[in-house]
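Proteins come first, then strands; the chains are lettered A, B, ... in the order of their sequence lines, and each starts at number 1.
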Amino acid sequence: MEFAHIQILSTLLYCTSLLCWLLKRFRVVVVLIVCGLIANVLALAMRGFIDSHFYLALVAEDEIYVLPAVLAGIALYHVTRRAKLDGVFVLAPLVLTSLFVILSPSEPGLPSAKINIWVAPTFFLIETLSAGLIFASAGLSLGALLLHKGHKNTLTDRYILVAFVLFSISQILGALWAYSGWSYPFSWSNRHLASASVWCLYAALIHSHLVGMRPKTAAIIASLGALPMLLVIYHHQLAPLLLAAIGHPS
Amino acid sequence: MKRIWKLFYSTHLAIWLLCLASLSLFVGSIVSIVYEAELKKLNFMSFIQWIEEFGSQPQIYWWIGAVFIILALLALNTLLCTWASIRRGQVGRKAGSILLHLAFLVILSAHGISEISGASQSVIIQPGVTKEVAWAGLTIVPAKIEKYTQQIGARTARMGMMAELSVHDKTSQWKPLRPATLKPAFAHGLSFHLSLFDKDLEKSQARLIIRRDCSRSLFISGAVLALAGIVFYVPSILRRKQYQG
């Protein structure tokens, strides 16, 4: 069985878990997410196994492939902590990111000089972890707005805080890596600019409690955080789409 | 006047500026998809040199002006708020927060200095061929270039490279250097990086990036301050009611 088949199995399990959530079969949801996560991690491990060697760096740099596993972990934590209606807003990003992986497959890369330094894989792993938390908090905030709850919950606030801290650490590591590889810590590229945009938005959110910002406003800001984060993670896929949409020659 | 001054001390202003900075950077990230090649040149040029070249194309850089103004105001706001915390004697209680704000200011200053005074050039080096880098007053004599590969099935993985070179800046003695991929070498106030991109080059050639950036130590100080700030800040903020279940 190839890793692509296991990846499809994992996506199917995640999709079924969302279906079971809608049918209010919460225990089955937990079982399905656990099984999906096991399949997902197995697929990732197989992706990093090349020529009888395992390369963690290769797995880590495939952020698109790691993201569903991170979101599955968050969804599992979320649904086991509180089986309320808002769990669906964590499961939705999980299903979407997982579907994206099987709809836009890519061959695993080859090992490169990156495997010899710890900064690159650590940067990718921490950034993906924070991306998962940002998508989860964006989903939950959007859910709060849609359900007219008008407020975020404690878990969303925790996700935002942890996401901000992890994202800040990843940006420091990323700057270190970019400096050693390309000679500059910040590049004027869409990925780096979108990262700076995410950081500023989440810094604003972290300050929001100091001024007693209206929960609805905070929820709108948290939901919007997903937009630049999409560009950070999916820039290779989104950039050609945007260029095609505006009829750019390249 | 007093009201304007008070406004600069406010957290409300910080939140608005951060949201505006986020918006303008997001717009910038979209613009940079369309004008990728033009904006990437900014990585190797100071902003002043870059604007001389692209000044006639405001569609590329209009948002950079907005980012610079917003970040300058944000820096002033951060400085005043941090100073107010220190003056109120909250250094102990708000140590993490103060360290994080200082880190932000230091890193922002480093970026500013780098954009204004940074200079770099990419040169193709080959053993035995001497290169002159005029702006740095440097002579580079490459002695050896080694490229490492690994055969994986039918594919060849490029595992980086290493160069042995001597550099001389006319005022000092020859200095031997051994930069490698992702492991830069330092001499004469410059850093020497072997580029990861060498697909268009011959086997005996490598692309060497020479950079002068006096803000390097500022970046490192900012990063250390930020990490220390996080260590102090997270435990203190988690005790707040907002994060308790």
Is [X] close to chain B through its backbone or its side chain, or both, or neither, when contacts mean heavy atoms under 4.5 Å?
X        : answer
A:Leu224 : neither
A:Leu176 : neither
A:Tyr179 : both
A:Leu238 : neither
A:Leu242 : side chain

Proximal component of [X], with respect to chain A [non-hydrogen, under 4.5 Å]:
X        : answer
B:Tyr35  : neither
B:Glu36  : neither
B:Ile15  : both
B:Ser24  : neither
B:Ala223 : both
B:Phe26  : both
B:Phe192 : neither

Pairwise side-chain contact, [X] with [Y], heavy-atom cut-off 4.5 Å (strictly under):
X        : Y        : value
B:Trp16  : B:Leu73  : no
A:Phe89  : A:Ser141 : no
B:Ile60  : B:Trp50  : yes
A:Leu201 : A:Leu205 : no
B:Phe47  : B:Leu42  : yes
A:Ile115 : B:Met159 : yes
B:Ile140 : B:Ile210 : yes

Self-check item: Non-neighbouring partners of A:Gln237 that pass side-chain contact (heavy atoms from CB on, under 4.5 Å), sequence neighbours left out
Solution: A:Ile64, A:Phe100, A:Ser104, A:Tyr234
Flag the one option from [options] with the top tally of heavy-atom pairs under 4.5 Å to chain B.
options                                : result
A:Ile221, A:Ile172, A:Val198           : A:Ile172
A:Val211, A:Ile246, A:Leu227, A:Asp51  : A:Val211
A:Ser183, A:Ala194, A:Ala113, A:Gly109 : A:Ser183
A:Val119, A:Leu210, A:Ile117           : A:Ile117

Quiz prompt | Candidates B:Val133, B:Val123, B:Ile124 - the one meeting side chain to side chain contact (heavy atoms under 4.5 Å, CB included) with B:Leu208 | solution = B:Val123
Practice problem: Please determine which of A:Asp157, A:Leu161, A:Leu155 meets the side chain to side chain contact (heavy atoms under 4.5 Å, CB included) test together with A:Tyr159. | Solution: A:Leu155
Practice problem: Would you tell me whether B:Ser114 and B:Asp213 have side-chain atoms, one donor and one acceptor, within less than 3.5 Å of each other? | Solution: yes
Self-check item: Distance-only polar pair, side chains of A:Trp199 and A:Gln171, donor-acceptor under 3.5 Å
Solution: no
Exercise. Give me the contact list for residues 182-191 of chain B versus chain A, heavy atoms only, anything under 4.5 Å, ordered by residue number.
Key: B:Leu182, B:Lys183, B:Pro184, B:Phe186, B:Ser191
Go through [options] and name the one with the most non-hydrogen pairs under 4.5 angstrom from chain A.
options                      : result
B:Pro179, B:Ser120, B:Ser29  : B:Ser29
B:His12, B:Arg158, B:Lys40   : B:His12
B:Thr181, B:Leu196, B:Ile220 : B:Leu196
B:Gln151, B:His111, B:Arg211 : B:Arg211

Exercise. For B:Tyr148, enumerate each residue passing the ring pair (Phe, Tyr, Trp, His ring centres under 6.0 Å) test, keeping only those at least two apart in sequence or located in another chain.
Key: none
Quiz item: Any Lys/Arg nitrogen of B:Arg155 or A:Glu107 sitting under 4.0 Å from an Asp/Glu carboxylate oxygen of the other?
Solution: no
Self-check item: Intermediate values then yes/no, ring pair (Phe, Tyr, Trp, His ring centres under 6.0 Å), A:Trp177 and A:Phe124
Solution: CA-CA 11 Å; A:Trp177 178 41; A:Phe124 281 121; 5.4 Å; yes
Quiz item: Looking at residues at least two apart in the chain, or sitting in another chain, which of them share a salt bridge (charged side-chain N to carboxylate O under 4.0 Å, His left out) with B:Glu38?
Solution: none
